[in-house]
Amino acid sequence: MKILGLDSSGIVASVAVVEDEILTAEYTVNYKKTHSQTLLPMLDEVAKMTELDLDTVDAIAVAGGPGSFTGLRIGSATAKGLGLALKKPLISVPTVEALAYNLYDTQGLICPIMDARRNQVYTGIYRFKDHRLQTVEDQMAVPIEELLAKLEQYGERVTFLGDGVPVFRKLIQEKLQAAFSFAPAHANRQRAAAVASLGLVYYEEGKYGTAEEHVPDYLRVSQAERERAEREKAKDQEAAQ
């Protein structure tokens, strides 16, 4: 089974090919460049370096959200385009689940945090049991203080990872009483290898669909939509006065 993985849900852009138990190739860049400029050239480079015929791919796994609205759209559009052209199924892998999968078989709780601005994080709480990723609390967008309060209640060691760590590290160190640690550099950001590997698990469980059906999961409305709603609310209040 050969899975092509794509992740552009945050600052990281990543492409990988996983065939059964083997990671054939992975191209990951954590740099401030537009994913629309990088994702397809990265895929092209992976295909050239590994002599990959995309027609031989069985399915395409993509980080399906949450994350950057622009990044998710680019990743989803790329995956949909490939799925339609190649007539391959799409596997939408929740971004924070794929992040947690980076820490395979880690003991205790795993808590990916992505900076969602306004003192909020995209997150979820996970653990591994019998070599399977289990969801303790499903992905959500919450204030960081609310997340820390949730984690405190479990009373277990927590491993944090994700681009929210440098933003909230000091707050975590000051507020969280439970034992915790931060994932190392090689495992603390989005990786398409994790998306593809977890995508294979999803595929075997029948959790996949067509390219036409795929839509990213933003978890909340975009800033532009929030601002428009606020403007409309203000207008309604003025009209009512």
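Not measured: the values here are computed from a predicted model.
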Look up atom [atom1] in [X] and atom [atom2] in [Y], then write down how far apart they are to the nearest 0.5 Å.
X: T123; Y: I125; atom1: OG1; atom2: CD1; answer: 6.0 Å
X: R191; Y: N102; atom1: CZ; atom2: CG; answer: 6.5 Å
X: M140; Y: E146; atom1: CE; atom2: CD; answer: 7.5 Å
X: R189; Y: L99; atom1: CZ; atom2: CG; answer: 9.0 Å
X: L147; Y: Q120; atom1: CG; atom2: CD; answer: 11.5 Å
X: S92; Y: I60; atom1: OG; atom2: CD1; answer: 12.5 Å

Work out which heavy atom in [X] is nearest to a heavy atom in [Y]; give both atom names and the distance.
X: A16; Y: A193; result: CB-N, 3.5 Å
X: A100; Y: F128; result: O-CE1, 3.9 Å
X: A141; Y: L219; result: N-CD1, 4.0 Å
X: Y126; Y: L133; result: CB-CD1, 3.7 Å
X: P112; Y: G124; result: CD-O, 3.4 Å
X: I74; Y: S36; result: CD1-N, 3.6 Å

Should the pair E205-R132 be classified as a salt bridge under the 4.0 Å nitrogen-to-oxygen rule?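 Salt bridge present between E205 and R132.
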Cluster question for you: counting only ILVMFWY and a side-chain heavy-atom cut-off of under 4.5 Å, with indirect links fine, are [X] and [Y] together?
X: V195; Y: M42; result: no
X: I22; Y: V201; result: no
X: L72; Y: L82; result: no
X: V18; Y: V93; result: no
X: V142; Y: Y122; result: no

Given side chains that start at C-beta, do those of [X] and [Y] come closer than 4.5 Å, heavy atoms only?
X: Y202; Y: P94; result: yes
X: V96; Y: M114; result: yes
X: D217; Y: Q139; result: yes
X: I110; Y: L161; result: yes

Quick one: does [X]'s side chain have a donor or acceptor within less than 3.5 Å of a partner on [Y]'s backbone?
X: D20; Y: M1; result: yes
X: K2; Y: D58; result: no
X: Y104; Y: H131; result: yes
X: E213; Y: T210; result: yes
X: K80; Y: H214; result: yes

Using a 3.5 Å cut-off and no angle test, enumerate the donor-acceptor pairs between side-chain atoms of residues 43-54 and protein atoms at least two apart in sequence or in another chain.
from: D44; atom 1: OD2; to: K48; atom 2: NZ; distance (Å): 3.3
from: T50; atom 1: OG1; to: V46; atom 2: O; distance (Å): 2.7
from: D53; atom 1: OD1; to: D55; atom 2: N; distance (Å): 3.0

Are more than 12 heavy atoms from other residues, nucleotides or ligands located less than 6.0 Å from atom CD of E21?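 Open.
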Flag yes if more than 12 heavy atoms outside Q107 fall under 6.0 Å of its CD atom; otherwise flag no.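 Counting other residues, nucleotides and ligands, CD of Q107 stays at 12 neighbours or fewer.
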For a quick test of your reading: what N or O donor-acceptor pairs under 3.5 Å do the side chains of residues 162-183 make, sequence neighbours left out?
from: D163; atom 1: OD1; to: D115; atom 2: N; distance (Å): 2.8

is_close_aromatic(F69, Y218), centroid dist under 6.0 Å: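 Yes, ring centres under 6.0 Å apart.
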Verify side chain to side chain contact (heavy atoms under 4.5 Å, CB included) between E145 and N119, making sure each step is shown before the conclusion. CA-CA 9 Å; E145 291 87 354; N119 214 41; 3.0 Å; yes
Candidate pair V136 and Y154, rule side chain to side chain contact (heavy atoms under 4.5 Å, CB included), full reasoning: CA-CA 10 Å; V136 178; Y154 287 100; 3.4 Å; yes
Pick from I91, V57, V17, L198: which one makes a side-chain contact (heavy atoms from CB on, under 4.5 Å) with I3?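 Single pass found, and it is I91.
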Review item, side-chain donor-acceptor pairs of residues 4-15, under 3.5 Å, at least two apart:
from: D7; atom 1: OD1; to: S9; atom 2: N; distance (Å): 2.9
from: D7; atom 1: OD1; to: S9; atom 2: OG; distance (Å): 2.7
from: S8; atom 1: OG; to: G71; atom 2: O; distance (Å): 2.7
from: S8; atom 1: OG; to: G75; atom 2: N; distance (Å): 3.1
from: S9; atom 1: OG; to: Q190; atom 2: NE2; distance (Å): 3.3
from: S14; atom 1: OG; to: T28; atom 2: OG1; distance (Å): 2.7
from: S14; atom 1: OG; to: A192; atom 2: N; distance (Å): 2.8

